[in-house]
Visitor: 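My questions all concern the structure below.
Every chain is numbered from 1 and lettered A, B, ... according to where its sequence line falls, protein lines coming before strand lines. Side-chain atoms are counted along with the backbone in the values below, which use heavy atoms only and exclude waters and symmetry mates.
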Amino acid sequence: MKFGYYPGCSIDRNARSYHISMMAIAERLGLEFEEMEDWNCCGATEYFAINDIPAYTLVSRNLALASQQYSGEKLVAPCSACFLNLKKTDHVMGEYKEINQKVNTALEAGGLAYQPGTVSVHHLLEVIVKDVGLEAIEEQVKKPLYELRIAPYYGCMVPRPADMESFDDPEHPTSMDKLLESLGAIVVDFPLKAQCCGGHMTQISEETALELLRRLLKNADDYGADMISTLCPMCQLNLDAYQGAVNAHFGTDYNIPVIYFTQLIGLAFGIPENELGFGKEIVSAKPALEKISDEAPQEKKRRRRPGRRTGLPMPSMPEEG
Amino acid sequence: MSEQFEPVIVGFLCNWCSYRAADLAGTSRIKYAPNMRAIRVMCSGRVDPQFVLKALRNGADGVLIAGCHPGECHYVNGNIKALRRYTMLKKTLDQWGIEEERVQLLWASASEGTKLAEKVNSMTEELRELGPLRWHEKVLADNGAAHVPVKEA
Amino acid sequence: MERITIDPITRLEGHGRIEIFLNDEGNVDNAYLQIPELRGFEQFSIGRPAEEMPRITNRICGVCPEAHHMAATKALDDLFDMEPSSAVKKLRELFYSAFYVTDHTVHFYALGGPDFVLGPDSDPAKRNILGVIHKVGVEIGKQVIECRKRNHEIIKILGGRGIHPVAGLPGGWSKAMTAEERDQIEEWSHQNVEFALFSLDLFDDVVLGNQDYLDLILSDAFTHETYYMGTVDENNQANFYDGMIRVVGPDGKELVKYHPRDYSQHVAERVEPWSYLKFPYLKDVGWNGFVDGKDSGVYCCTPLSRLNASDGLTTPKAQEHFERFYETLGSEKINGRYQPVHHRLATHWARLIEILYSAERMVELIQDPEITSKDVRPIVTNTPNEGIGSVEAPRGTLTHHYKTDENGILTDVNLIVGTTNNNAPIAMSIKKAAQGLIKNGEVTEGLLNMVEMAFRNYDPCMSCATHSLPGQMPLEVKIYDADGEEIETRQQYID
Amino acid sequence: MTENGKPTLAMYWGASCGGCEISVLNIHENILTVDEIFDIVFFPCIADFKYKDVESYPDNYIDVCLFNGAIRNSENEEMAHLLREKSKVLVAYGSCAYEGCIPALSNLTTKEATLNKVYIDNPSIDNPKKTFPQTSTQMPEGELTLPSFYHTVKALDQVTDVDYYLPGCPPEPPQIWAVLQVIAGALTEGKELPPKGSVVGAGQTAVCDECPLEKQEKTIARFYRPYEINPDPDICLLEQGIMCMGPATRSGCGALCPSVGMGCRGCYGPTEGVEDQGAKMLSAIASVLDAGDETMEEDELEALIEEAVDTIADPSGTFYRFSMAHSILQRVKNGKGEG
Amino acid sequence: MEEKKEKTMQKEKVGVYICHCGTNIAGTIDVEEVKNWAAKNPNVEVSRDYEFMCSNTGQELIENDIKEKGLTRIVVASCSPHMHEKTFRNATERGGLNPFLFEMANIREHGSWATNDKEAATQKAKSLVNGAIERVVHHEPLEKIPVEINPNTLIVGGGIAGITAALELANAGNHVYLVEREGTIGGHMAQLDKTFPTLDCSACILTPKMVDVGQHDNITLLTYSEVEKVDGYIGNFEITVRKKARCVIEDLCTACGICEEKCPAQVVDEGYGAGLGYRKAIYRAFPQAVPGYPVLDKENCIYFQTGKCRACEKFCPTDAIDFEQEDEMLNFNVGNIIVATGYDLFDPRRIPQYGYGRLENVFTSLEFERMVNASGPTGGHIVLRDGETKPEKVAIVHCVGSRDQNYNEYCSKVCCMYSLKFAHLVHEHLPETEVFNFYIDMRTPGKGYEEFYHRLLKEDTHFIRGRVAEITDADHQPGEEGKLIVQVENTLLGKQQRIPVDMVILSAGIEAREDAAQVANLFKMGCDYDGFYNERHPKLAPVATMTDGVFIAGACQGPKDIPETVAQGGAAASQIASLIGQGTMMMEPVRASIREEDCSGCRICNNLCPYNAIEYDEEKEVSKVITALCQGCGTCVAACPSGAIDGAHFTNLQVMSELQGLLWDVQPAPEKVTA
């Protein structure tokens, strides 16, 4: 499968391991990523708050280029912010004539133009879960991640907002859960899975950012997660790099590695850790990885129906019946 | 009124859904193009293709056939027959060079006043684009068949 | 300059008008045959399903619908690449022969005949089939009617309808013949043979027996030396249903023999602004205007030309008359072939010989055990593309040429019909006849009728010829110099 | 009437094929009776009367004029008017005069297209100067004129007033004979004529009424081209998926075509009270198409119906094979008739 | 077209009446102008305008003109025929004309209300009026068609609506077939504990009625049964019912309940028990079930799954168990039908952030009803999922799945009230426990409802105005540990709040039954966008449907509380009772008929009729319409290739004339042939 590829600024800086692991598993999954030429920054999370027209223009330039460079291939962005900005812009351009007009006038100056709907934007996770499919993943699994307890963290951007065709439930996404299960890992219920990591709040109001991070770490810890799996350079950076700061600020001692889901896939595929960018994380994944056992755990005990005669039955969940 | 061309649309509305939809549009004071003139039929399945042709022949610029949604027909499946006839008629009219925008089919339930109003608006727009059909003037009148006087004996 | 108009020319199928220009001496300067009508089949057939052509193109002509039906059906055989079974071929030829008998009969008795039976200058009000009947007697008249009746009945039995038959299908025929029908048709076929012989006798008495007519036939006014076209079998004997197209020159030498598929390499059509009917000519010779002779591509395609183009007929009685025909008209035999007869009025005689041939052919076919085969409607699976079909229509070689898309929807249609072939020679005959007959401004109805006789012998079918119609005409102003050379043309559309 | 007191008969052709004339000859021996009853005063196909003769007749001189052929050019229309003036009873004889017939298929295309096809874009043409026939041409000896051609083929009653319609392409001889007898009866014995404007020499119901084939309830999954299947000769062709215009076509022919395994093509025109034969047949066929039902999703439904409809090649040319000139819209808007 | 010629010969005297409808029409349309213009039409004898045509004086105008001016046709241009066609037909009739010699032009809904452009509106009005005039000229007098009414009635659904209707009709001496899908009648109401606002016990008021039904001589009760097929038409429907095998021989069963006792298969009771309690594989939904005999549920029966057990059979004292029992088909005829199939509860699993199914102590309203019910699984004790712990704090979340664009836009109407009831019941059972009600708006329309709300306010319930964003067990503040946290924006305080509680009750909304569409097809009814059945008229015919003889009652028509449901059940019953009383009913004469002399017997129409109203006469070789079966849709009329079928009141001539009338300003002058 061939895809257009919009790497985004962070990918070969703080998110090297994301990039490396992504490319490593790409071969195994027969994915081909053709990097876009002459792409520019997506404006990240702030620019839209500051001045939207230039922001949309910034993003539209990428879309315009994409529409020239690719013939029908989907455009993939691994970074949540990039993904959301590209998708949102395409959506907004379609919805609001006047924005579309202004933006295109601006693009014209650069001899470009963008017709909303011509580029279809997708997040890497979506591509792997939808286009590749869990069956294909399972086939490749050589070293299942048995007994490794993982908290799947989606962040606030990937499945949102609801009014744009989203590939997962905006409030309670489950695609990464299923993916990790197919890798043999134990997926912990992680209620905050779709909540904010603070984004650039670390730069604006560290207080706020740290609190948000604390909640995420605490919740993961409460559920006994050995690690958090993420799909966004920003989230990874915040949770990983600021974990120390959180501990210092709140007197806690969280020690939860934050790993890209692509790295975990690679791991399960039996790709050596060093080829997956392990070791670049600040909170080391080593101790967690040591928990991986070769034995499949015995059937997860189902908390649905308490055996105790006095107890009341839990309602069955949709996937069960 | 403005100088722009005002197409005349004949609407065949089924008694149970579409005609009520038009009633609802009115009752809810939805303003829409006054270009459609409605004829009430009991069911879209009553619409004889002859009606459509007759409308076009008699000066209409377009015809809108509207019925209940499939599965919601008051007469079970009259609208399915309407759809079959419409599909066949469309194929024929295409051979006759009559643009597909001129004869359209719409499913509008009694609660879809807005949908009906929007359709009339959009159709009116499309017909403005296409310009008048006015069969008798534009197609038949100027056909070299003007009356030729009888030869002098 | 005085001018004489004959409008409409009568006792032909369709519309025609003759314009004769006299010079100051009252002699004919020029004469034109104008065809004021066309209908446009080539264009409006496009978009129709090819298999409908046998049932559309037969409406080109209600006098010879069977010919168009058959040419179209054969074009479908070719289009769908479906070689008909021998049973189908025989069934079709039987049907076709019955048609020949009745068609020629109509012409001889209703269209051409009256001129001879009643005389060229008899009362025009009587000069028609009914007049003929009164002259020769109701009994004979009834025979003529009987002949038409039984053969139209055969056409109806085999083709579905007496006029505009419907049975033709690619590689097949929609209906097989029952045993009872066979017996009935066999009886009728024998009656046809009798009737043909009777008609030839009648021709002997009324025409050959009358020195004036003989002179008229042999007169120069009704003589042209042109090329002759006809369809022949592998032994160069005439066949009307199928075969190769053979063209012989005025000297009787074979110019070319080609498969109907190659028609466009040998025949081309010219356009004159004063007639809707095109003028075909032989490409192998080229167009040199409305003139006789070896160097003029003008050819004719009639019963006469079919005999001229063939080495003989396959049935015994007809062959006898074939030889008698040439002997009587003084044609010598050069290496086994009679020299062509150029006397146009002899066409009437040739026509009667063709009736006899067709009648005998019917007897042969109806007695063939295969004729009642039930297996005549094959299922077609081939993808169509292009097809050409040709038969000898009574009025000349008839060619249908179709192209379709892969669904068999027609994308291109070309038709060269019998009479069109003869457009040029007819025009020439009329001019020559007019010049030969009208002198010093003396013009009588009888004379003018004799001018009409000049085209009538061709049995022209303008209905056929005028199958195409150009809708609104563009206006064109042509300016000629003293010699009638066109020096300038201005053209524009008018609505 | 002529001096001898015999009623006068004329037969003329507009844009036609001559089949109608032949159909009259096909009343066979009865032609003699016709000859006894009538004096023929105009009949170009078989008799030597010229236009000038007709022009010289007093008005209503012709008792019965059988006008066949469509109105295709100015000459046809002139003759229609001339013969109307000269005739007491004007009969639109045959499908062409009645409803346009095959020549009216020309209303599915345009003049330019036809012109170009016949004289330019044609495998056997030799016309380097792109000459087209002219309504007027100056020849050295004088001017030659041709009639001007119409854009739209018309039926006789679309240019002049018609007393009766005798449908069929061509009408079937028994019907013709019957009609001639009625007219003769009226002219010679003062019998009553049918009301003006009525269709004579045909039935009131559709061809199915006369059709010998066995009929069942109709649900048709798809249509076949006549060469695609070998139908059971005893069962309704329509039910076997072979297009047959019988249900929408006036009876009178005796269902000849279905009897030889060929679907009716509709030459007798619409039945009593139907204005547009094609539209009616279209509606009937679409109604019995067994494609899609109310339980289906809309797009699935539409797809199925499209598919079934597409098995009918060339709806216009099929449903309007003979009745184009008399159809409600009469002609196409532009040259898309090629389908 | 022949027809047309004769028709227009004799000139009709048409009376045209343009209604102002106050300013509703006159405000936009130049009524004067239209009136005068219409007067010019050669067929028009009188042309008037009037303030309110539907008023008595308006109608008298028509009556008098008919009498005095000898009008033969009437056209009223006013509102939609769905509004007043009957009114004016009656006026026409009183004037002495056949009511069908009247035609209505809808210049209000389709005219004045649909545009502000006065010029255009007036032009359109002219067209519509002209269309009506040209049409009415060709109208023919028609007589209504009488149909015998079979006095028996079919009622589908044994909830409180069906029960009420059944008793009403049966008590009036008519026979009723009551068909219920489940093993017992009672429906949702039987699951409820108390009923708002009076708080009387649901069972106490329902079960007596259930017993009445069970014992009534005029009621044939068919439980565990479903309607398979409905043929025929008002007055005479042919019904086919599938009586599912319950593996219990009803005549032998004494409803002693031993089988239930002995059955070893323990099953979560998803039906009556709302998934909160357990039942056996052979069971009665509840002790007061009517009829009393149990149903064997094959999916969960050990014998049917493994081929062993048969415990029930062994222990049954009357040998009433029959494992071989098969479904039974019953056929009977009825004159009318009431559909009262009720509703489904919105499934909160569709809102994952509310955690239902994930978070133990999140309950649905029905679960709570069962829990708080003395005969329920906890014996009426309010406890957490563990079956022991009493909640200290309870959250009640309103509008779950209602008033929400992601799910259902409509208001489910009953949730506010039962949520209040819940709050009260919690206070009643656990005086110490704190209750929070999260609402968007408090909707308490109804007798004694608002008062009930005030009572709750006094009971110290915390009312928090705001839609709950999420319910989570992810604590990150002191005091949140081990609690469920309700995240909500308190729109009165205008701030985000996190409220830790022990138990959450989701007040789920009311939805149309899953299979509503199929059922609608079965009875030839229409469904609205949300799947609820369409009533014939939203205001004036709330329990009738588009199909004569088919009525609806209760929540299957839209969310309702018990009083409304009961009222509808009664209403439907009384409408049917009056039909039965009349004995015959007059049907609209808008029907198709085939002209034998023009029918060629092509049989195109034979399969088209959805009501099988067309039959083929082998003898005459023509097709025929069975008038009583025909509903007048006109499909066959449009299909008949030889125009041999007439659709009364919608003939080709009438429609084509209306058409030409409508197009008066754009169509060619009538074609003259140059003679």
Side-chain angles (χ1 to χ4, degrees), chain B residues 1 6 8 10 12 15-17 19-20 22-43 45-51 54-55 57-61 68 71-78 81-82 85 109-112 117 134-137 140-141 147, chain E residues 79-83 106 108-117 119-121 123-124 127-128 131 135 517 520-521 524-529 534 546-547 590 608 610-611 631-639 643 647 649-650 652 655-656 658-660 662-669 671 674:
Chain B
M1 258 192 284
E6 288 300 336
V8 171
V10 171
F12 292 97
N15 182 54
W16 304 101
C17 295
Y19 193 91
R20 286 165 193 266
D23 282 359
L24 179 60
T27 322
S28 3
R29 308 296 199 280
I30 299 168
K31 308 299 179 204
Y32 60 97
N35 303 54
M36 181 187 70
R37 303 169 183 182
I39 292 181
R40 180 166 65 131
V41 288
M42 290 312 279
C43 174
R46 172 64 182 95
V47 178
D48 184 330
Q50 287 187 112
F51 298 169
K54 198 76 172 175
R57 178 72 170 80
N58 282 268
D61 302 292
C68 314
E72 293 180 11
C73 177
H74 172 52
Y75 301 104
V76 188
N77 53 20
K81 279 130 192 165
R85 296 190 190 117
S109 76
S111 58
E112 294 177 316
R134 304 294 147 93
W135 201 257
H136 52 289
E137 305 161 5
L140 292 183
H147 173 64
Chain E
C79 47
S80 166
H82 288 295
M83 213 65 185
N106 182 350
R108 190 179 72 175
E109 282 82 348
H110 293 190
S112 57
W113 280 352
T115 178
N116 289 329
D117 180 336
E119 206 174 323
Q123 184 75 354
K124 186 172 178 182
S127 296
L128 296 173
R135 187 189 209 280
N521 272 339
K524 309 200 168 76
M525 302 182 289
C527 287
D528 66 19
Y529 178 78
N534 275 335
M546 302 292 187
T547 308
V590 177
L608 296 183
Y611 307 95
Q631 297 291 307
C633 64
T635 299
C636 58
V637 184
H649 211 54
F650 287 88
N652 282 4
V655 177
M656 295 254 198
E658 179 175 5
L659 179 59
Q660 282 168 326
L662 282 181
L663 295 171
W664 64 281
D665 54 346
V666 288
Q667 73 188 283
E671 272 157 80
T674 48

Visitor: Say you draw a straight line from CG of E:N534 to CH2 of B:W16; how long is it, rounded to the nearest 0.5 Å?
Guide: 11.5 Å
Visitor: Out of E:A114, E:G634, E:G111, return the one with the most heavy atom pairs under 4.5 angstrom to chain B.
Guide: E:A114
Visitor: Are the side chains of E:Q631 and B:H74 in contact, using a 4.5 Å heavy-atom criterion?
Guide: no
Visitor: Looking at CZ of B:R46 and CG of E:N652, how far apart are the two atoms once the value is rounded to the nearest 0.5 Å?
Guide: 5.0 Å
Visitor: Tell me which of these, E:H110, E:E658, E:K124, has more heavy-atom pairs under 4.5 Å with chain B than the rest.
Guide: E:H110
Visitor: Is E:A520 close to chain B through its backbone or its side chain, or both, or neither, when contacts mean heavy atoms under 4.5 Å?
Guide: neither
Visitor: Quick one: what part of E:L128 sits under 4.5 Å from any heavy atom of chain B, side chain, backbone, both or neither?
Guide: side chain
Visitor: Quick one: closest heavy-atom pair of E:P610 and B:Y75, and the distance?
Guide: CG-O, 3.4 Å
Visitor: First locate atom CG of B:L24, then atom CD of E:E109, and finally report the distance between them rounded to the nearest 0.5 Å.
Guide: 10.0 Å
Visitor: What part of E:A639 gets within 4.5 angstrom of chain B, counting heavy atoms only: side chain, backbone, both, or neither?
Guide: both
Visitor: Any side-chain heavy atom of E:T635 within less than 4.5 Å of one from B:R85?
Guide: yes
Visitor: Between B:M36, B:M42, B:R37, B:R134, who has the most heavy-atom pairs with chain E when the cutoff is under 4.5 Å?
Guide: B:R37
Visitor: For B:C17, which residues count as a disulfide bond (SG atoms under 2.5 Å apart) partner, sequence neighbours excluded?
Guide: B:C68
Visitor: Could you tell me if the side chain of B:R40 sits less than 4.5 Å from the side chain of E:H82, heavy atoms only?
Guide: yes
Visitor: Please name the pair of heavy atoms, one in E:S80 and one in B:Y19, separated by the smallest distance, quoted to 0.1 Å.
Guide: OG-CE2, 3.7 Å
Visitor: Please flag which part of B:E112 lies under 4.5 Å from any non-hydrogen atom of chain E: side chain, backbone, both or neither.
Guide: neither
Visitor: Taking C-beta and beyond as the side chain, do B:K54 and E:Q660 meet within less than 4.5 Å on heavy atoms?
Guide: yes
Visitor: State the CG-CG distance between B:N58 and E:L659, to the nearest 0.5 angstrom.
Guide: 6.0 Å
Visitor: To the nearest 0.5 Å, what is the distance between CD on E:Q667 and CZ on B:R57?
Guide: 10.0 Å
Visitor: Who wins among B:G78, B:A55, B:S109 for the most heavy-atom pairs under 4.5 Å with chain E?
Guide: B:A55
Visitor: To the nearest 0.5 Å, tell me how far E:C633 SG sits from B:N15 CG.
Guide: 12.0 Å
Visitor: Taking the side chain as every heavy atom from C-beta outward, state whether E:V655 and B:F12 have any atom pair closer than 4.5 Å.
Guide: yes
Visitor: Under a 4.5 Å heavy-atom cutoff, which of B:I30, B:D48, B:V76, B:D23 has the most pairs with chain E?
Guide: B:D23
